[in-house]
There are 2 protein chains.
Amino acid sequence: MVHHGGRTGAAGGAGLDDVARLAGVSLSTASRALNNHPQVAAATRERVLAAAAGLDYVVSPDASRLAGGSSRARVAVVVPHLSRWFFGRLLEGLEVGLRGDDPRGVDQLLFLVGDVAGRRAFFEDLPARRRVDAAVVVGFEVDEAEQRRLELLGVSIVSAGGPSEPFPSVTVDDHRAGRQAVDHLVHLGHRRIGMLATLDPADRGPDRRTQAYRTALVDAGVPDDPELLVRVAFGAPGGADGMSRLLGLRRPPTAVFAYSDEIAAGAVRTLRRAGLRVPEDVSVVGIDDHPIAELLDLTTVAQPVHEQGVVAGRMVRTLLAGGEPPPSRVLPTQLVLRGTTAPPREAAP
Amino acid sequence: MVHHGGRTGAAGGAGLDDVARLAGVSLSTASRALNNHPQVAAATRERVLAAAAGLDYVVSPDASRLAGGSSRARVAVVVPHLSRWFFGRLLEGLEVGLRGDDPRGVDQLLFLVGDVAGRRAFFEDLPARRRVDAAVVVGFEVDEAEQRRLELLGVSIVSAGGPSEPFPSVTVDDHRAGRQAVDHLVHLGHRRIGMLATLDPADRGPDRRTQAYRTALVDAGVPDDPELLVRVAFGAPGGADGMSRLLGLRRPPTAVFAYSDEIAAGAVRTLRRAGLRVPEDVSVVGIDDHPIAELLDLTTVAQPVHEQGVVAGRMVRTLLAGGEPPPSRVLPTQLVLRGTTAPPREAAP
DNA sequence: GAGGGTTCCGCAAGCGCTTCCGGATCGATC
DNA sequence: GATCGATCCGGAAGCGCTTGCGGAACCCTC
């Protein structure tokens, strides 16, 4: 609970009235001068500007907004994580897209809703304090109840890095990305392909990458073997752990599709520690084109993370400008061949 | 430029007057009921609350703030990067610290000031729109001019993950961290120790890690060889590149101290590609205890990134509560022995 | 040099909310 | 049954700013 006496936040800031007095004009003229209205004489404007500068005057955004003045828009940026590369990188793009060429820019309110509690708190609370003009939901799917909450709020919503049916969104086709990865392994001749899927489906909605894995195998005529699909915690340790489990199988896979590059990195480590060579003994492919993928020479399916942010930011801007809800965009993914995939050893050349 | 007609952001939101009318009370009573003032009868409060709920009433934070009501505090979070693990992780901690046990929490305004332009824009602009009650500057040092700007603004400042003299800050002792890393190499018997320092000194202020490298060598009685200090871009590719340069020397180092784990990771890659073994042929040590360090079994100096955020968040809270400026805190770093350091080959056992 | 435009500025009415202050209502008290 | 406190509530004055409207002052024009 924070109490604000007088002029919010400022030490002892001058008010518009002070500026007006010093400049020898009325309050209204001072206001108009500062807002660059055309109907104030250049000389007067100068005088007001000088007075404002001299007094270190700064407008009260609250009063300004309240009085119906134009003002910098506020948008909520809602993310479940921040220490994961994907989210940070996307937010960097988002900033670019939101800034656009607008000198005023947009204020971004950051909401970290990692756990269920935080998430609930956010959706309960946001509407209760009509604080934003738009919201960007990054990397997770809002459920129906949350959706209603947001609509009630009346703000524009854009979803980035994860689908969210009713709202404009910018994503990649996770199913296709998964297919690109698994099909690559299939084409190399692999038949026994494991998958390291992630728990935490809340992060990305229904796991289309896992679906892609299944359908790719069906299409390739490979008999289904549920043992080969293991669910792990997100991150390299999870991947390492999952790979161990896969290696413990009676017939381990000759290739592994990891939900993400970080998981793939963990898998590679386990393989190396187990004395297996990558890709000679086991192939590994991930998704994201995380910096670590380049570092480890990891074959992966790249997705344009930064660009998803940029596009989402731009969508918000058009929404804010009162434009039509922009159509959702699906950005392309691309297989990046590196050194962790090769034909299986037993395969005919 | 966004114009707001009527009630900001809301679709067709009801006003407090509507609530009051529906509840059959006056405006003032309605306000008091919603703000849990004690002097409104329980029954009346119920009625008002019901009316508010029925009308989906949400207060206008602008009006509320303007009228001098208590309100959720706003703090600016200023970061130069977001795709780097350090910053994301620190911000996760910051969120925890800022939230504290306060159910109302704190609104975080995110400012990404990666490039010089963005940074200037931020410092020019923030004071011009007195929008926050406090600011957290993460991972870089504000210069004198910027500092004045902030003070003029009259908001409390806290610096995290990077020292900033006049403000309360929470950091690690970068000099000590550097010493821990380099001394470790020295103790192992290394005499020819290279360093991969980073460009971009703006990120972390004067580079104390590099200073530590120099003094550690002096203390060890190792003659100075400027060739062994190379500056690289931040990140793994930079580290890889720098390591190549080091390997191109007439007498390459037997150990390398990298400014960060990401740079160290790049260095390790180059070494492996060059057919050199780590740590048998060359030792490598980094700083941060980035997740990649564990993955690569990289010896490093750990710093409590998340905790720096938490502590900074708490500092802001005490400042916001009107408390004394809390003393700066220096959190401990710790050498984490892993598999990339060993005595040099020629060293006596 | 009077009529008609322009240009520029001040008055005052709010934006939606909070809170001071005084008044009404009611039960308890002597 | 009149008096005194509590207890609750309403009236009204702003918070600091924007903007519609009308009024001065000014420059043209015929």
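Throughout, a chain's letter reflects where its sequence line sits, starting with A, and its residues are numbered from 1.
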Worksheet item: Nearest-Å distance, CG (Asn35(A)) to C1' (dC17(D))?
Response: 9 Å

Worksheet entry | Closest contact, heavy atoms only, Leu16(A) versus Tyr57(A) | N-CE1, 3.3 Å

Item to complete: Could you check which of dT19(C), dG14(D), dG16(D) has an atom nearest any side-chain atom of Ala67(B)?
Response: dG14(D)

Item to complete: Specify whether Phe123(B) and Phe140(B) have parallel, tilted or perpendicular ring planes, treating 30° as the upper limit for parallel and 60° as the lower limit for perpendicular.
Response: perpendicular

Worksheet item: What integer distance in Å separates Leu66(B):CG from dG16(C):P?
Response: 12 Å

Worksheet item: Rounded to the nearest Å, what distance is computed from the NE2 atom of residue His37(A) to the P atom of nucleotide dT7(C)?
Response: 17 Å

Fill in: Asp17(A) CG to dG10(C) C1', straight-line distance once rounded to whole Å
15 Å

Item to complete: Whole angstrom is fine here: how far is it from CG in Leu27(A) over to P in dG10(C)?
Response: 10 Å

Worksheet item: Charged N to carboxylate O under 4.0 angstrom, Asp107(B) versus Arg74(A)?
Response: no

For nucleotides 6-9 of chain D, tabulate all protein N/O to nucleotide N/O atom pairs closer than 3.5 Å, reporting atom names and distance.
unit_1 : atom_1 : unit_2   : atom_2 : d
dC9(D) : OP1    : Thr44(B) : OG1    : 2.3
dC9(D) : OP2    : Ala41(B) : N      : 2.8
dC9(D) : OP2    : Thr44(B) : OG1    : 3.4

Worksheet item: Is Ser64(A) near enough to dT18(D) that one of its side-chain N or O atoms lies under 4.0 angstrom from OP1 or OP2?
Response: yes

Worksheet entry | Salt-bridge contact Glu146(B)-Arg119(B) (side-chain N to carboxylate O under 4.0 Å) | yes

Item to complete: Round to a whole Å and report the spacing from CG of Leu34(A) to C1' of dT18(D).
Response: 12 Å

Output a table of donor-acceptor pairs, distance under 3.5 Å, between side-chain atoms of residues 312-325 of chain B and any protein atom two or more places apart or on a different chain; print 'none' if there are none.
unit_1    : atom_1 : unit_2    : atom_2 : d
Arg317(B) : NH1    : Leu98(B)  : O      : 3.3
Arg317(B) : NH2    : Asp101(B) : OD1    : 3.4
Thr318(B) : OG1    : Met315(B) : O      : 3.2

Worksheet item: Are side-chain heavy atoms of Leu110(A) and Val79(A) found at a separation under 4.5 Å?
Response: yes

Fill in: Any Ser31(B) side-chain N or O less than 4.0 Å from OP1/OP2 of dC17(C)
no

Discussion item. Using OP1 and OP2 only, check whether a side-chain N or O of Ser60(A) sits under 4.0 Å from dC17(D).
Written reply: no

